[in-house]
Amino acid sequence: MMRHLILVACAILAAPAFPAQQIRIAAAADLEPVLPPIVEQFKQATGINAQVTYQASAALTTQIQNGAPFDLFLSANLDYPRKLIAAGLAEGLGDGTAGSPIVYAKGALVLWTRKDGSLTPSVELLRNRALKRLAIANPDRAPYGKAAIAALQKLGLYEALKPKFVIAENISQAAQFVDSGNADAGLISLTSAKTARLTADGRYFEIPADSYPPIEQGAVLVSRTQQRVAAKKFLVFLMSAPVQEQLRRYGLTPGRRVP
């Protein structure tokens with residue numbers, strides 16, 4: 001009995017005096033395949049947990065405007081964090097300039113199809129009548145959806161393809177629509193196309209980058225955060241050279257120059 005009590009006492013003394021520190025991150029849906037390993041590395045390096053919510057950038061902006069308890073916002077479009085900064089709801093820390101989001105990465109748009117289908121992703125496929133359903137993210141809420149519309153307009157294909165759109169809430173759902181057979185092809189993020197599952201199931205074609213505006217992705221600190229120091233630590237970690245290099249492997253162009 002005495003030995004049992006001693007073991008219990010040792011366990012209590014060994015436990016941390018306070019619960020583990022945690023930050024809450026609102027992240028663009030294209031980061032869903034990217035952030036999990038980075039969050040784990042951050043936890044190992046600092047002991048700080050990061051809880052991440054993935055949605056379209058516009059939806060996350062609305063949640064922050066309505067008081068959602070996030071500490072950081074990682075958007076897939078600079079317009080949304082700029083809007084929050086202008087409203088006094090976020091703080092920009094980018095490039096030493098007050099009021100500007102940190103540009104942590106740049107995204108890329110691809111056309112994705114399943115390998116077991118007869119359609120090969122290419123610009124020619126977008127002109128092919130065999131293409132009946134094309135998945136895109138909601139252009140009113142998701143930056144990749146807006147980029148998809150811009151690319152199709154630049155290629156002169158928007159009006160012809162508009163009746164074939166299958167609109168998804170965000171870029172992750174657009175990828176799911178194609179992978180599940182609910183669309184023949186999808187204009188999705190390169191980060192989605194590079195996931196293990198979509199790499200196994202399909203193939204992709206990178207849409208020429210000059211056919212749509214740059215998908216610059218920005219990070220800001222949410223003004224009402226109670227975890228200011230921990231949240232800033234995550235931003236510093238995100239912009240470190242090793243993590244920025246990881247972004248490249250997941251299909252993003254680093255926001256800072258990596259040697």
Side-chain angles (χ1 to χ4, degrees), residues 24-40 50-64 68 70 72-81 104-117 121 133-152 164-207 212-219 238 246-253:
R24 296 179 179 178
I25 302 175
D30 74 318
L31 297 178
E32 192 164 0
V34 178
L35 279 188
I38 294 173
V39 164
E40 181 58 31
Q51 179 183 338
V52 188
T53 298
Y54 300 99
Q55 286 191 28
S57 296
L60 293 170
T61 300
T62 300
Q63 290 186 31
I64 293 170
F70 293 117
L72 285 174
F73 178 30
L74 307 183
S75 172
N77 182 317
L78 293 179
D79 290 344
Y80 297 113
Y104 63 88
K106 187 171 77 172
L109 188 69
V110 305
L111 182 63
W112 190 87
T113 62
R114 289 186 58 89
K115 287 178 181 175
D116 56 7
R133 295 166 299 174
L134 176 65
I136 66 169
N138 187 334
D140 295 329
R141 303 175 65 80
Y144 282 90
K146 189 176 294 184
I149 296 299
L152 295 177
K164 301 179 180 181
F165 286 165
V166 179
I167 303 294
E169 183 62 27
N170 55 51
I171 203 65
S172 296
Q173 190 179 56
Q176 291 169 11
F177 281 169
V178 195
D179 194 31
S180 63
N182 290 311
D184 304 312
L187 286 165
I188 66 175
S189 69
L190 182 55
T191 59
S192 295
K194 279 182 170 287
T195 59
R197 176 168 181 172
L198 293 198
T199 298
D201 291 352
R203 51 203 168 189
Y204 66 86
F205 167 79
E206 286 199 44
I207 300 298
Y212 57 90
I215 307 174
E216 290 186 305
Q217 309 199 182
L238 179 65
Q246 284 187 64
L247 298 183
R248 193 191 304 280
R249 292 202 298 272
Y250 287 109
L252 292 169
T253 300

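Values below: all heavy atoms of this structure, side chains included; hydrogens, waters and symmetry mates excluded.
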Could you tell me if the side chain of [Y] sits less than 4.5 Å from the side chain of [X], heavy atoms only?
X      : Y      : result
Leu187 : Tyr212 : no
Val52  : Leu74  : no
Ile171 : Thr191 : no
Ile167 : Ile136 : yes
Phe73  : Thr61  : yes

Is [X] reaching over with its side chain to a backbone N or O of [Y], donor-acceptor style, under 3.5 angstrom?
X      : Y      : result
Asn138 : Glu169 : no
Arg24  : Gln51  : no
Lys194 : Ser189 : no
Ser172 : Ala29  : yes

For [X] against [Y], the heavy-atom pair lying closest together:
X      : Y      : result
Asn182 : Val166 : O-CG2, 4.1 Å
Ala76  : Tyr104 : N-OH, 4.5 Å
Tyr80  : Arg141 : OH-O, 3.9 Å
Tyr144 : Leu252 : OH-CD2, 4.2 Å
Ser192 : Ala175 : CB-CB, 4.3 Å
Arg114 : Val178 : CD-O, 3.6 Å

Does NZ belonging to Lys106 count more than 12 external heavy atoms closer than 6.0 Å? no
Gap separating the [atom1] atom of [X] from the [atom2] atom of [Y], nearest 0.5 angstrom:
X      : Y     : atom1 : atom2 : result
Gln246 : Ile38 : CD    : CD1   : 5.0 Å
Ile215 : Asp30 : CD1   : CG    : 8.0 Å
Glu32  : Gln55 : CD    : CD    : 10.0 Å

Do you know which of Leu198, Leu111, Leu109 makes side chain to side chain contact (heavy atoms under 4.5 Å, CB included) with Ile188? Leu198
Apply side chain to side chain contact (heavy atoms under 4.5 Å, CB included) to Trp112 and Asp201, showing your working. CA-CA 10 Å; Trp112 190 87; Asp201 291 352; 4.2 Å; yes
